[in-house]
Protein chains: 2
Amino acid sequence: MRDFIRAVRAISDETRIRILKVLLQRECCVCEVMQALDIAQSRASRNLGILEGAGFIESRRDGLWIVYSINEQIVDGYAASLIEMLRNSLVNEQIILQDRERLSHAVRVGLRATGK
Amino acid sequence: MRDFIRAVRAISDETRIRILKVLLQRECCVCEVMQALDIAQSRASRNLGILEGAGFIESRRDGLWIVYSINEQIVDGYAASLIEMLRNSLVNEQIILQDRERLSHAVRVGLRATGK
DNA sequence: CCCCTATGTGCATATATGTGCATAGAAACA
DNA sequence: TGTTTCTATGCACATATATGCACATAGGGG
């Protein structure tokens with residue numbers, strides 16, 4: 001019951017839904033997620049942590065960055081069903097399309113180094 | 001997005017999960033739900049309302065009672081997928097089995113008339 | 001070995017959520 | 001039409017959740 005609720009709650013937040021939708025496009029580091037969603041870094045990090053704790057995503061280090069990606073090898077567990085459900089949902093949602101657009105321009109480089 | 005979140009949030013609460021599990025056994029009036037879960041009447045009523053608003057269940061009047069049941073005819077909508085997921089989940093959960101046991105003894109009669 | 005960059009986290013705060021209590025509402029039945 | 005019975009809801013309150021800000025941490029690269 002606890003795991004079930006943790007999984008469902010994890011996917012019941014708009015920010016985390018948007019993150020999952022982005023990660024369904026391709027793996028991302030934290031800074032790419034914050035660019036895609038146009039949110040603060042701490043917010044991206046925290047919500048990625050929640051999604052990881054619920055089993056939706058996994059992380060690995062790649063040089064300076066920590067790359068998050070959809071946890072594909074889950075067979076049991078509730079996250080698998082929910083991810084599958086999300087895959088077919090919200091396909092024409094405005095904000096999801098916006099995030100996808102921004103994601104396509106996101107670069108794996110700190111904002112400090114972008115010249116801004 | 002709003003509907004998606006409403007559906008997922010509706011099923012992310014232990015009380016409502018237990019209610020849905022009970023209704024998957026058979027349709028119930030409010031007083032049967034409160035007996036099965038051993039909760040207050042207002043709590044049962046309120047959570048039934050949330051589940052109805054999210055599209056999981058429907059209600060009809062039957063004499064003195066209002067009977068709630070799983071909304072079976074939903075094809076589109078997110079509730080259908082979530083109900084299907086719940087159907088195969090938590091099958092050995094202690095509290096779910098307790099609720100089912102109490103449900104089998106529940107009667108469609110006000111507590112006031114039980115002699116207590 | 002030190003510094004710099006990316007990521008994680010403690011704290012304060014605003015908002016949302018769940019619940020009990022008491023009461024209002026609704027509708028069947030006499 | 002009045003009464004009884006079941007169900008819904010306003011209110012108060014406790015708890016949970018999400019977020020920004022500032023800072024701590026970690027670990028790669030020079």
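We name chains A, B, ... by the order of the sequence lines, and we start the count at 1 in each one.
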- Examine dA8(D): is either OP1 or OP2 under 4.0 Å from a nitrogen or oxygen in the side chain of Tyr68(B)? Give yes or no.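 The answer is yes; a side-chain N or O of Tyr68(B) sits under 4.0 Å from OP1 or OP2.
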- Look at the side-chain N and O atoms of Ser45(B) and state whether any lies under 4.0 Å from the OP1 or OP2 oxygen of dT7(D).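 For dT7(D), neither OP1 nor OP2 has a side-chain N or O of Ser45(B) closer than 4.0 Å.
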- Item | Ile96(B) and its side-chain contact (heavy atoms from CB on, under 4.5 Å) partner, picked from Arg100(B), Gln94(B), Gln98(B) |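 Running side-chain contact (heavy atoms from CB on, under 4.5 Å) over Arg100(B), Gln94(B), Gln98(B) with Ile96(B) returns exactly one hit, Arg100(B).
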In this structure, how many angstroms lie between the [atom2] atom of [N] and the [atom1] atom of [X], rounded?
X: Leu37(A); N: dT19(D); atom1: CG; atom2: P; answer: 10 Å
X: Glu14(B); N: dT15(D); atom1: CD; atom2: P; answer: 17 Å
X: Asp62(A); N: dG28(D); atom1: CG; atom2: P; answer: 11 Å
X: Arg108(A); N: dG28(D); atom1: CZ; atom2: C1'; answer: 14 Å
X: Ile5(A); N: dT15(D); atom1: CD1; atom2: P; answer: 18 Å
X: Leu48(B); N: dA8(D); atom1: CG; atom2: C1'; answer: 11 Å

- Assess whether side-chain contact (heavy atoms from CB on, under 4.5 Å) is satisfied between Tyr78(A) and Met85(B), documenting all intermediate values. CA-CA 8 Å; Tyr78(A) 311 107; Met85(B) 179 179 168; 3.3 Å; yes
- Task: Apply the test side-chain contact (heavy atoms from CB on, under 4.5 Å) to residues Cys31(B) and Gln41(B): give CA-CA distance (whole Å), side-chain angles for both, the deciding distance (0.1 Å), then the verdict.
- Result: CA-CA 7 Å; Cys31(B) 60; Gln41(B) 179 267 325; over 6 Å; no
- Message: According to side-chain hydrogen bond (donor to acceptor under 3.5 Å, both in side chains), who are the partners of Ser81(B), at least two apart in sequence or on a separate chain?
- Response: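 Once residues adjacent in sequence are excluded, Ser81(B) has no partner under the side-chain hydrogen bond (donor to acceptor under 3.5 Å, both in side chains) criterion.
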Show me, pair by pair, the donor-acceptor contacts under 3.5 angstrom made by side chains of residues 16-29 of chain A, not counting sequence neighbours?
residue  : atom : partner   : partner atom : Å
Arg16(A) : NE   : Ala10(A)  : O            : 2.7
Arg16(A) : NH1  : Asn47(A)  : OD1          : 2.9
Arg16(A) : NH2  : Arg9(A)   : O            : 3.3
Arg18(A) : NE   : Asp99(A)  : OD2          : 2.7
Arg18(A) : NH2  : Leu37(A)  : O            : 3.0
Arg18(A) : NH2  : Asp99(A)  : OD1          : 2.9
Lys21(A) : NZ   : Leu86(A)  : O            : 2.9
Lys21(A) : NZ   : Ser89(A)  : O            : 2.5
Arg26(A) : NH1  : Glu32(A)  : OE2          : 3.3
Arg26(A) : NH2  : Leu103(A) : O            : 3.3
Glu27(A) : OE1  : Arg60(A)  : NH2          : 2.8
Glu27(A) : OE2  : Arg60(A)  : NH2          : 2.5

- Task: Say whether, by atom type as modelled, one donor and one acceptor occur between the side chain of Glu93(A) and the main chain of Met1(B) under 3.5 angstrom.
- Result: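 At least one qualifying donor-acceptor pair exists.
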- Footprint string (nucleotides 13-27 of chain C, 5' to 3'): B base within contact, S backbone only, - free, heavy atoms under 4.0 Å: ----SSBBBB----S
